Amino acid sequence: MIRSKYRQRYRMIPYGLGPNGEIVTPQEAQPGKSHHCPECKKRLVLRTSKLKNPFFAHLRKDKKCKLTKSPVVLAKHVLLVTLREWMKGAGDPVQLQPFCNERTELPRNEIHQIKVNHRIRINQRSLVSHLSLLDRYGLPILHIEIRDRPRPQHIKHPSWLEVSAEEILSNPYLLSPLNPDTDFLPPTPVQLSLF
Ligand SMILES: [Zn+2]
């Protein structure tokens, strides 16, 4: 179940997909244009709250759509729209805080593409990453898996990051790993030698 404070904060559907599959926030949406749910792909309508804030709702109430039920699915879409706003230069930076380490900003300029529900192989296992941040060559910067609780056995791989849905919903700008093996290192600036 999604807690009521998060239901209110994110209005259940943080963004819709426009005609070309582009991310459209309720603030950007134009009435009359067609928008679809990023999870179940069904039609959305744009509504206005009592305080005159726009929000999306399913055109027909859909009991099967996981976006309105699962904290993991809601957190996935909240994080995606947060990353996208930041990459456009419109939002606060998204940072990563590995265990006992300082916060580091994700390398925004390196991120070329974000894949959703990306199937990959790590250590001979087939895994689905909720959000995969890829560089311009399609190589992974980070695979993010959002979970209700930690895996009984962590995936040991430097680019595999497990994060808690609750923590993302509480603060989508700070990713703190559930798996202690995360070894994410930001790209280091090139050092110029004086000799
Ligand atoms: Zn839906």
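Atoms within a ligand are numbered from 1 in the order they appear, just like the ligands themselves. A quick note: this is a predicted structure, and the numbers were derived from the prediction, not measured.
Of all heavy-atom pairs spanning P54 and P26, the tightest one is O-CB, 3.4 Å. Among all heavy-atom pairs drawn from R108 and G89, the shortest one is NH1-CA, 3.5 Å.
Listed by first then second residue, pairs satisfying ring pair (Phe, Tyr, Trp, His ring centres under 6.0 Å) with a partner in residues 114-150 number zero, not counting sequence neighbours.
Around the Zn ion (ligand 1), the protein atoms of type N, O or S that sit closer than 2.8 Å are C37 SG, C40 SG, H58 NE2, C65 SG.
V116 and V128 end up in different hydrophobic clusters when Ile, Leu, Val, Met, Phe, Trp and Tyr side chains are linked at under 4.5 Å. Follow the hydrophobic side-chain contacts under 4.5 Å out from L174 and you never reach I111; the two are in separate clusters. Linking ILVMFWY side-chain heavy atoms closer than 4.5 Å, directly or via other members, places I114 and V94 in a single hydrophobic cluster.
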